Each structure stands twice: as structure tokens, then as C-alpha cells.
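Here's the structure we're looking at; comments come further down.
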Amino acid sequence: MRDLGAGFGHLLKGQRWVARHGRSYGFGLVPGLITLVLYVGVLVALALWGEDFVAWVTPFADDWSSPWLGLFRGFLTAVLFALALLLAVLTFTAVTLLVGQPFYEALSERVDRDVSPDGTAPEPPLPLWRELWISGRDSLRILVRALLWGVLLFALGFIPVVGQTVVPVIGFFVTGFFLTEELASVALQRRGVELRERLALLRSRRMLVWGFGTPLGVSFLVPFVAVFLMPGAVAGATLLARELLGEEIRDGAGEPSEGGAAAPAVSPGPSPEH
């Protein structure tokens with residue numbers, strides 16, 4: 001259970017870091033705002049024309065009598081919008097990271113330099129265009145995994161009692177895992193860690209990952225909150241990536257110790273899952 005608290009601690013430290021670095025925070029808001037405008041446009045269009053779309057894909061129901069036609073298409077419209085919202089939550093981070101790859105790379109590097117004992121940060125092993133290609137490809141692979149989980153959990157949601165209690169909790173943990181993977185990929189990809197290695201690394205410390213990603217996923221359900229938390233989430237995920245790899249972190253995550261001197265370095269090192 002200690003890892004659960006440590007993961008949440010990284011999330012808070014990331015938000016505190018961007019709060020102390022106002023320019024980096026403003027810089028990191030730009031991709032989220034762009035993505036938000038795109039997503040809101042799609043959801044508004046779905047709300048306005050979703051019923052028409054459902055009617056178009058279900059022509060076989062045109063001759064059904066009332067109230068069955070309205071109930072059937074109303075149910076499908078509600079399911080369509082619910083799936084769109086779930087997809088928006090699961091993919092918002094991936095799309096925002098893809099749109100804002102240069103922004104978040106720069107922010108993550110600043111965090112690395114700030115918390116590293118020697119003030120350095122790992123340099124990307126590949127040119128930017130290759131980094132963007134790999135990021136997009138990996139995000140698509142994660143999206144497929146997330147969609148499969150989403151469909152499974154949606155189907156399990158129809159089970160009485162369990163579907164309304166246990167399944168939503170599992171859904172939050174699944175969302176938290178994938179959110180953490182996407183966010184930590186900024187720092188891990190810069191270190192040359194491939195997707196398969198990243199997933200294995202995250203699975204080895206599931207409690208740490210859930211402590212970071214699950215509360216973040218819950219907060220992302222609140223409209224517009226994701227935009228304002230994204231810069232701090234990237235910063236916190238960089239700290240989490242350093243812990244997963246056993247890299248040293250200056251005590252206080254870059255905050256100077258008393259007397260103005262840099263605080264001593266600490267190395268969390270790999271630890272067993274609690």
C-alpha cells in the first residue's frame with residue numbers, strides 16, 4: 001500500500017512543480033486547450049445529430065410501432081454518447097500528448113534537470129519527426145487496448161449489482177493505468193524505453209501506477225479539469241518514471257533545502273509492489 005501513496009505523492013509533486021514554474025505551466029496548457037476545442041466540437045455534434053445517425057444505421061426499425069421505435073433508438077443514442085464520453089476520457093491524454101509532443105518534451109526535460117542531482121536530463125535518441133511517429137504509433141496501440149477494455153467493461157456493466165458497483169471501480173483503475181502509461185511515455189520514450197518495456201515496467205509497480213493515475217482519471221471526468229491538470233500530470237509522470245527506473249531525485253523534487261543549498265540526492269530504487 002506504500003506504493004499507492006507514493007504514486008499519489010508524485011501526482012501532487014507534479015502539480016506543485018508547475019505551480020512554482022508559471023511559464024512552464026502556461027506553455028503546457030496550449031496542447032490541452034487545442035485538444036479540448038476539438039473534443040467539445042465532436043461531442044456537441046454528436047449531441048445534435050446523434051439521433052439522426054442512429055436512425056440512419058438502423059433502417060430496419062423504421063416500421064416499428066410506438067413506443068418501441070423511440071425506446072430502441074433513444075437507448076442506442078444514449079449508449080453512443082456514453083461510449084463517446086468514455087472514449088474521450090481514455091483518449092484525451094493520448095491525443096493531447098500527440099498534439100503537444102514538443103511542448104511536453106520540453107516540460108519533462110525541465111523537470112528532469114530540476115530534480116536531477118547533476119542538473120542534466122536524458123537527450124532524445126531520435127530526431128523529432130521519429131519521436132512523433134513512434135509516439136503516434138504507440139498511442140494507437142494503447143488506444144486499441146483501452147477500447148477492448150472499454151467494450152468489456154461496458155458489457156459487464158449490464159450484470160445486476162456487480163455491473164453498478166464493482167465494474168465502475170475496475171474501470172477507474174484501468175483508466176488510471178492507461179493514463180499513467182501515456183503520461184510517463186514522454187519521459188520514458190526520451191530514455192529509449194520501448195512500449196513493451198514500458199508496459200512491463202508499469203505492471204511491475206501497479207500500486208504506484210494506480211496511485212498516480214486513478215485519482216487523475218477520476219478528476220479528468222470533471223469538464224475542463226484535464227486541460228489544467230495536464231502540465232502538472234506530465235511533470236509528475238516524469239518523477240514517477242525516474243522512480244520506476246531507479247534514478248536519483250533530489251529530495252523535495254527540486255525544492256532548495258534550508259540555507260538555499262540544493263537538497264541531497266535520494267534514490268528510490270526499484271522496490272517490490274506492496
Side-chain angles (χ1 to χ4, degrees), residues 1-15 86 89-98 101 104-105 107-108 111-112 115 121-122 124-125 131 134-150 152-153 169-220 226 229-230 232-249 253 267-274:
M1 295 300 291
R2 196 185 322 165
D3 265 3
L4 203 63
F8 185 64
H10 286 312
L11 179 60
L12 296 180
K13 288 175 184 177
Q15 300 302 327
L86 176 62
V89 172
L90 290 174
T91 62
F92 183 87
T93 301
V95 174
T96 302
L97 289 173
L98 188 61
Q101 182 78 11
Y104 295 134
E105 282 281 0
L107 191 154
S108 180
V111 174
D112 266 323
V115 305
E131 292 284 330
I134 293 173
S135 178
R137 181 197 64 191
D138 290 349
S139 293
L140 184 59
R141 291 175 177 175
I142 291 298
L143 175 60
V144 171
R145 287 177 168 86
L147 282 175
L148 291 175
W149 271 100
L152 175 62
L153 292 173
V169 174
I170 295 174
F172 284 129
F173 280 103
V174 170
T175 300
F177 182 89
F178 286 123
L179 277 177
T180 304
E181 194 287 326
E182 288 289 348
L183 291 163
S185 69
V186 176
L188 293 174
Q189 186 176 312
R190 186 155 39 84
R191 290 161 167 82
V193 182
E194 298 289 339
L195 176 61
R196 184 174 297 180
E197 298 173 84
R198 294 202 300 266
L199 290 173
L201 194 61
L202 293 170
R203 291 189 190 109
S204 71
R205 302 283 298 279
R206 283 188 178 90
M207 297 297 283
L208 182 72
V209 170
W210 287 335
F212 180 91
T214 302
L216 186 64
V218 173
S219 65
F220 274 16
L229 292 184
M230 273 296 289
V234 171
T238 302
L239 299 175
L240 183 139
R242 293 183 70 94
E243 175 166 350
L244 287 171
L245 296 172
E247 297 178 359
E248 291 184 327
I249 302 174
S267 176
S271 65
E273 186 179 335
H274 296 280

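If you're wondering where the values come from, they're calculated on a predicted model, not measured in any experiment.
A pairwise comparison of heavy atoms in A241 and A187 identifies CB-CB, 3.9 Å as the closest pair. Taking every heavy atom of both residues into account, S219 and L229 meet most closely at OG-CD1, 3.4 Å. In terms of heavy-atom proximity, F172 sits nearest to V218 at CD2-CG2, 3.8 Å. Closest of all the heavy-atom pairs between L216 and A233 is CD2-CB, 3.8 Å. Minimum interatomic distance between I249 and E243 (heavy atoms only, all atoms of both residues): CD1-N, 4.4 Å. Contact between L153 and G171 at its shortest, heavy atoms only, is CD1-CA, 3.5 Å.
The shortest side-chain heavy-atom distance between L188 and L245 falls under the 4.5 Å cut-off. Residues T96 and E182 form no side-chain contact, since every pair of their non-hydrogen atoms from C-beta on lies 4.5 Å or further apart. Contact check for F212 versus L183: side-chain heavy atoms found under the 4.5 Å cut-off. A heavy-atom distance below 4.5 Å is not found between the side chains of R205 and T180. Taking the side chain as every heavy atom from C-beta outward, V111 and L107 approach each other to under 4.5 Å.
Under the side chain to side chain contact (heavy atoms under 4.5 Å, CB included) criterion, L195 pairs with D138, R141, I142, R145, E181, R198, L199, not counting sequence neighbours. With sequence neighbours excluded, the residues that form a ring-ring contact (aromatic ring centres under 6.0 Å, His included) with F173 are W210. Not counting sequence neighbours, the partners of T238 by the side chain to side chain donor-acceptor pair (under 3.5 Å) test are S108.
Summarising the geometry, atom CZ belonging to R190 is positioned 11.0 Å from atom OG belonging to S185; distances are rounded to the nearest 0.5 Å. Going from atom CD1 of I170 over to atom CG of L152 covers 9.0 Å, rounded to the nearest 0.5 Å.
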The test is side-chain contact (heavy atoms from CB on, under 4.5 Å); show your working for D112 and R191 and say whether it passes.
CA-CA 11 Å; D112 266 323; R191 290 161 167 82; 2.9 Å; yes

As a quick check of understanding, evaluate side-chain contact (heavy atoms from CB on, under 4.5 Å) for L201 and E197, giving each step before the final call.
CA-CA 6 Å; L201 194 61; E197 298 173 84; over 6 Å; no

Should R206 and D3 be marked as a salt bridge (charged side-chain N to carboxylate O under 4.0 Å, His left out) after you check the CA-CA gap, both sets of side-chain angles, and the distance that decides it?
CA-CA 8 Å; R206 283 188 178 90; D3 265 3; over 6 Å; no

